[in-house]
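Following: one structure in structure tokens, then a few remarks.
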Protein chains: 2
Amino acid sequence: MLSYTEENYLKALLKLSFQNEDKPEAGTNEMAAYLGVKPATATDMLKKLKEKDLVTYQKYGKILLTDTGKKNAIAILRKHRLWETFLYEKLDFSWDEVHEVAEQLEHIQSAKLVDKLEEFLNFPEFDPHGDPIPKANGEIPILAKTLLSALEPGSSCKVAAVKDTSTLFLQYLQKLQITIGTKIKILEVIAFDGSLSIQIEDEEPRTVSMKFADSLFVQR
Amino acid sequence: MLSYTEENYLKALLKLSFQNEDKPEAGTNEMAAYLGVKPATATDMLKKLKEKDLVTYQKYGKILLTDTGKKNAIAILRKHRLWETFLYEKLDFSWDEVHEVAEQLEHIQSAKLVDKLEEFLNFPEFDPHGDPIPKANGEIPILAKTLLSALEPGSSCKVAAVKDTSTLFLQYLQKLQITIGTKIKILEVIAFDGSLSIQIEDEEPRTVSMKFADSLFVQR
DNA sequence: TATAAAAGTTAGACTAACCTAACAAATAAA
DNA sequence: TTTATTTGTTAGGTTAGTCTAACTTTTATA
Ligand SMILES: [Mn+2]
Ligand SMILES: [Mn+2]
Ligand SMILES: [Mn+2]
Ligand SMILES: [Mn+2]
């Protein structure tokens, strides 16, 4: 049985391994920063996780999830994203509100609960942010997606996921009436600052920043 | 902000105050036994709760919830029973399975979640065990109910709630196809051992023990 | 009312998860 | 290849929640 805190360390490690695409390893300071604790604290926990065979790690070395560790981490991520979907779909939470509550709900221990919840939600593949929901067997659906900033002028796409999940960005998207699945056409890219003129569904054209285009994943 | 553990102490105190109908006070050992900790542990926590003005208590004295303490305890009970209802109604949990998971879910912090959940469930008044669900304002619906054992032969009633919520009893009820609302007619009471012959809905008569009749609340 | 039993408290210790301050190792820069 | 910087560890301490063992107060019983 894993403690609340141990679960958070494992999930952090998994998230970092997605982030550092090339090498799925993480460092102590990186972990600590991600979790909002001091490096000394992370070191202690890492020793404990190693003892439990959830990570491979040695003094001054990089940290990597073991198979068991990864399995556990994926299970937590699965719960997180299922709960987010529940809150969004069934309880009318907006997509910038779901994360905080899911951070708590992901630690509820009950195999039956997760599976029944998934069934209740009709086996969703993606959460409200467009992130894939791991299956019960640990598989993670993959969707080919690109950053909006990678498309050429003239091309069209559909919003697939948000890269930046900050409240500010999510609320901005909401204001623009952009959600997962929304159609976007790139009209023009301004060479000067990388900002672009886009058409959202059939609305009037508008301009968004390069930062914006770097924060949104789309499907061609 | 209350800790997980503090919340459990407050809820325990509220439950004990329902149990000891005459006097809503509790003793240290009683609390400890209820929570599955040692008396010494309870003493420590009681001091802390007193410090936070959640209970009135003094050395060797009885323990009583303050208004704030009671308000908090009711909020937790409300969450517990709403979650039980959710699990039972929406996720197909059986009524002996809901409690354990609700014990965890009741500690999720999110005012919006509770209220949205209540709305989603259509403002239920009673949980799967027939226990009243406190309203957002703290009011607790009351239903006039009697023990099955208090009825005279010949009378009819409807099952209102279970007094004993043990798995064994709940599963026995399930086997007898008795649930909240089920109609029961008392045919005969055996003077020898207090057992009684009853008719469940329109089924064949059957005999149940006095212990059984003392564990079931009904409505005349 | 004296004594035995029950109820409750205190002291001291442990573990998990955190911290700060001082140190050590690894890496990057000069 | 030294030196400086970054990265990570260790030592020692704190708090919440738990325990055991010894003690004290209250209550019940003879
Ligand atoms: Mn999230
Ligand atoms: Mn998400
Ligand atoms: Mn319950
Ligand atoms: Mn209940």
Side-chain angles (χ1 to χ4, degrees), chain A residues 1-13 16-17 19-20 22-65 69 72-73 76 103-104 106-107 109, chain B residues 1-13 16-17 19-20 22-65 69 72-73 76 103-104 106-107 109:
Chain A
M1 183 97 311
L2 300 174
S3 75
Y4 193 102
T5 310
E6 288 170 333
E7 290 195 341
N8 279 336
Y9 276 80
L10 293 184
K11 196 184 54 155
L13 209 34
L16 289 174
S17 84
Q19 235 160 78
N20 312 344
D22 37 337
K23 287 271 163 186
E25 311 165 320
T28 304
N29 289 359
E30 199 183 0
M31 292 273 320
Y34 188 88
L35 289 160
V37 298
K38 298 289 140 137
T41 307
T43 299
D44 283 354
M45 180 57 86
L46 258 3
K47 283 189 207 157
K48 198 164 48 150
L49 293 177
K50 185 200 172 157
E51 212 43 58
K52 292 195 175 187
D53 248 311
L54 295 161
V55 304
T56 61
Y57 156 73
Q58 50 202 36
K59 254 199 202 179
Y60 296 102
K62 291 296 171 188
I63 308 139
L64 206 58
L65 285 168
N72 277 283
I76 300 158
E103 280 297 309
Q104 300 177 60
E106 73 191 2
H107 300 288
Q109 309 284 167
Chain B
M1 182 98 316
L2 299 175
S3 75
Y4 193 102
T5 310
E6 288 170 334
E7 290 195 341
N8 280 335
Y9 276 81
L10 292 184
K11 196 184 55 155
L13 208 35
L16 289 173
S17 86
Q19 234 160 79
N20 312 344
D22 37 337
K23 286 274 163 184
E25 311 165 320
T28 303
N29 289 358
E30 199 182 1
M31 291 274 317
Y34 188 89
L35 289 161
V37 298
K38 299 289 141 140
T41 307
T43 299
D44 283 353
M45 180 57 86
L46 258 5
K47 283 188 208 156
K48 199 164 48 152
L49 294 177
K50 186 200 172 155
E51 213 43 59
K52 292 194 173 186
D53 248 310
L54 296 161
V55 304
T56 60
Y57 157 73
Q58 51 203 36
K59 254 200 204 179
Y60 296 101
K62 292 296 171 186
I63 309 138
L64 206 59
L65 285 168
N72 276 282
I76 300 157
E103 281 296 311
Q104 299 176 60
E106 73 191 1
H107 300 288
Q109 308 285 168

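Keep in mind that what you see is a predicted model, and the values were worked out from it rather than measured. Letters go in sequence order (proteins before strands), and every chain restarts at 1.
Between the CE atom of B:Met31 and the C1' atom of C:dA7 there is a distance of 15 Å, given to the nearest Å. Put simply, CD on A:Glu51 is 12 Å from P on C:dA16, counting in whole angstrom units. The nearest whole Å value for the distance from the CG atom in B:Asn29 to the P atom in D:dT27 is 13 Å. Atom C1' of nucleotide D:dA16 and atom CG of B:Leu49 are separated by 13 Å, given to the nearest angstrom. Rounding to whole angstrom units, CG of residue B:Asn8 and P of D:dA16 are separated by 17 Å. As rounded to whole Å, 14 Å separates atom C1' of D:dT9 from atom NZ of A:Lys50. Atom pair B:Leu35:CG and C:dG8:P shows a separation of 14 Å (rounding to whole Å applied). As a whole-Å value, the separation of B:Tyr34 OH from C:dG8 C1' is 21 Å.
Phosphate contact (OP1/OP2 of C:dC18, side-chain N/O of A:Tyr4, threshold under 4.0 Å): absent. The phosphate of D:dA16 (OP1 or OP2) has no side-chain N or O of B:Tyr9 nearer than 4.0 angstrom. Checking the phosphate oxygens (OP1, OP2) of C:dT9, a side-chain nitrogen or oxygen of B:Thr28 falls inside 4.0 Å.
The two atoms that bring B:Glu7 and B:Glu106 nearest to each other are OE1-O, 4.2 Å, heavy atoms only. Nearest approach of B:Gln104 to B:Tyr4, heavy atoms of both residues: CA-OH, 4.1 Å. Heavy atoms only, all atoms of each residue included: A:Gln109 and A:Met1 are closest at NE2-CE, 4.0 Å.
Contacts between residues 54-65 of chain A and DNA chain D, counted as heavy-atom distances below 4.0 Å, involve A:Tyr57, A:Lys59, A:Tyr60, A:Lys62. Within residues 37-47 of chain B, the residues that place at least one heavy atom under 4.0 Å from DNA chain D are, in residue-number order, B:Val37, B:Lys38, B:Ala40, B:Thr41, B:Asp44, B:Met45.
B:Ile63 has its side chain out of reach of B:Lys50: every pair of non-hydrogen atoms, C-beta onward, lies at least 4.5 Å apart. B:Leu49 places none of its side-chain heavy atoms less than 4.5 Å from the side chain of B:Tyr57. Between B:Leu54 and B:Leu2 there is a side-chain heavy-atom pair separated by less than 4.5 Å.
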Dump the intermediate steps for side-chain contact (heavy atoms from CB on, under 4.5 Å) on A:Lys23 and A:Lys62, then the final yes or no. CA-CA 10 Å; A:Lys23 287 271 163 186; A:Lys62 291 296 171 188; over 6 Å; no

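In this structure, CG in A:Asn8 is found 6.5 Å from CD in A:Glu103, a value given to the nearest 0.5 Å.
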Counting only pairs under 3.5 Å, give me each side-chain donor-acceptor contact of residues 30-44 of chain A, with atom names and distances, residues two or more places apart or in other chains.
residue : atom : partner : partner atom : Å
A:Glu30 : OE1  : A:Gly27 : N            : 3.0
A:Glu30 : OE2  : A:Asn20 : ND2          : 2.9
A:Thr43 : OG1  : A:Pro39 : O            : 3.1

